[in-house]
Amino acid sequence: MTDAAVSPPVRRLSDWDAAELESLADEYETPLYVLDLERVRENYRRVDAAFPDAEILYALKANALGDVLRALREEGAGLECASAGEAQRALEAGATGADVHYTAVNPPARDLDWVVDAWADHPELTVTAGSEDTISRLADRGYDGRLCLRVNPGIGAGHHAKVRTGAAAKFGVPAERAVDVLEDATERDFDVVGIHAHVGSGVSSDQLAAHREFVARMGDLARRVDAAIGGDGLEFVDVGGGFGVPYHEDEEPLDLESVAEATREAIGEIDARLAVEPGRYFVADAGVLLTGVNTVKRARETTVTGVDAGMTTLLRPAMYDAYHPIRNLTADVDTDGVDSSDAAVREPIPQTVAGPICESGDVFCSDRDLPASERGDVLAIGNAGAYGYEMASQYNSRPRPASVVLDGDAVFLSRRRETVDDVTRLERETRTKRGPRTDDR
Ligand SMILES: *Cc1c(COP(=O)(O)O)cnc(C)c1O
């Protein structure tokens with residue numbers, strides 16, 4: 001184990017420096033994403049130490065900021081891309097073809113066209129197909145490169161029904177069809193290199209039994225595929241991501257060592273290399289969202305703390321009922337070093353922290369005890385590094401926020417704040433005549 005492996009398994013919201021965050025909010029304004037690259041590296045190194053022989057891919061849909069991709073690539077991560085757009089960003093961040101796995105989920109033609117074009121320049125890239133139809137569509141485009149098959153193991157895991165993919169018919173070829181499909185692909189001259197499954201997000205220590213069973217099925221399948229396709233057999237068996245992080249303050253962090261041990265045991269003897277592809281685990285606790293308090297309203301049953309971030313900035317609470325820790329940085333800075341009996345200490349009162357969007361679902365928490373908020377306070381929402389900015393939208397014509405990166409003793413604006421001009425930029429007035437499309441158009 002390297003020294004880096006001893007970094008703490010979780011960074012809590014309370015571990016962040018309140019005064020520093022508050023001054024960032026001052027300088028760059030709110031809402032503002034802050035991401036600490038050194039924490040991203042620490043998270044990567046812990047996974048690398050737990051899975052020393054595995055190929056580690058970062059599922060970049062969790063946070064595709066170029067600075068994150070470059071940092072993880074420097075650590076040795078490959079990149080798992082869920083779309084042609086992500087694959088393009090991966091290559092633009094300096095990834096080589098061999099670093100890129102493109103996982104085609106019901107891929108639009110435009111995506112397949114792009115990837116097959118990119119393959120001409122990057123013949124080492126890997127395409128993971130989740131249906132026989134996708135394999136045919138690749139063949140139609142002349143693709144016979146590295147092919148991995150996503151299988152549906154019929155087992156789901158995860159923190160919410162919307163992220164349990166393992167049993168959802170949308171994802172992967174039914175495991176019992178996999179051998180036939182790969183035999184067929186081998187005959188069609190594809191370079192069959194792997195099998196893949198991702199059973200969902202939020203794998204936790206108490207779901208280890210399900211993880212074990214899933215991995216055992218993948219090991220069995222790998223042995224059967226090897227026997228069927230001949231040649232060098234499979235190069236890798238990818239068991240997906242989904243490593244959970246503790247969103248609640250009292251939740252224990254994932255015991256990576258026991259997940260790794262269970263994985264090694266359950267997969268059994270295989271010639272192929274193990275691959276894992278966490279997204280959330282690398283970035284979640286490396287990021288916070290800073291938001292300013294606009295309005296404080298005493299309502300009948302609660303106090304509504306209106307903030308300038310909303311579901312368009314961080315969608316997870318509205319979409320998954322996700323819990324995110326919230327901290328009043330201003331109250332913490334004000335009371336730092338102050339005796340708890342002092343008047344400066346703000347009493348906690350139940351608060352509903354709500355965004356500025358015209359939707360009743362636009363709340364970050366309901367009736368949560370937080371130090372009494374005041375207009376102008378800065379709140380930090382924790383564990384916002386994963387699936388935060390990536391799911392942001394411009395709904396209500398809200399420009400998306402800026403992202404600031406901390407890197408050792410450096411701090412910089414990694415992505416500027418959008419303006420309303422950015423929101424309207426795509427509108428145009430070119431008019432053409434209606435009617436069926438003609439070739440000369
Ligand atoms: C989303 C996704 C991941 C990463 O999931 P996390 O929960 O962020 O670890 C990995 N593989 C695939 C195919 C995915 O779609």
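No hydrogens, no waters, no symmetry mates; every other heavy atom, side chains included, goes into these values. Atoms within each ligand, like the ligands themselves, are counted from 1 in listed order.
Interface of His196 with ligand 1, defined as ligand atoms under 4.0 Å from a residue heavy atom, comprises 13 (C). Ligand-side atoms of ligand 1 in range of Ala59: 3 (C), 4 (C), 10 (C), range being under 4.0 angstrom from any heavy atom. Taking a cut-off of under 4.0 Å to the non-hydrogen atoms of Pro278, the atoms of ligand 1 that pass are 9 (O). Those atoms of ligand 1 with a heavy atom of Gly241 less than 4.0 angstrom away are 9 (O), 10 (C).
Only the side chain of His198 comes within 4.0 Å of ligand 1, counting heavy atoms alone; its backbone N, CA, C and O stay farther away. The part of Tyr387 lying near ligand 1 is the side chain, judged by heavy-atom distances below 4.0 Å.
Side-chain contact of Glu359 with Tyr395: a donor-acceptor pair under 3.5 Å is present, judged by distance alone. Judged purely by distance below 3.5 Å, without hydrogens or angles, the side chains of Asn294 and Asp308 never pair a donor atom with an acceptor atom. In this model, no donor atom of one side chain and acceptor atom of the other lie less than 3.5 Å apart for Ser83 and Asp111.
Remark: ligand 1 and Tyr281 share no N or O pair separated by less than 3.5 Å (distance only, no angle test). Checked against a 3.5 angstrom limit, the closest N/O atoms of Gly279 and ligand 1 fall inside it.
Relative to the six-membered ring of Tyr247, Arg316 meets both conditions, a distance below 6.0 Å and an angle of at most 45° to the axis. With Tyr389 as the aromatic partner, Arg415 meets the cation-pi criteria of under 6.0 angstrom to the ring centre and within 45 degrees of the ring axis.
Nearest residue to atom 14 (C) of ligand 1 from Arg280, Lys61, Arg150 is Lys61 (criterion: closest heavy atom).
Relative ring orientation between Phe236 and His101 is described as tilted, the plane-to-plane angle lying within the 30° to 60° band. The aromatic rings of Tyr323 and His248 lie parallel to each other, their planes meeting at an angle below 30°, with 60° marking the opposite boundary. By the 30° and 60° cut-offs, the orientation of the rings of Tyr281 relative to Phe243 is perpendicular.
Assignment of Gly242 to the shell around ligand 1 is supported, since a heavy atom sits closer than 4.0 Å. Between Ala62 and ligand 1 there is no heavy-atom distance shorter than 4.0 Å.
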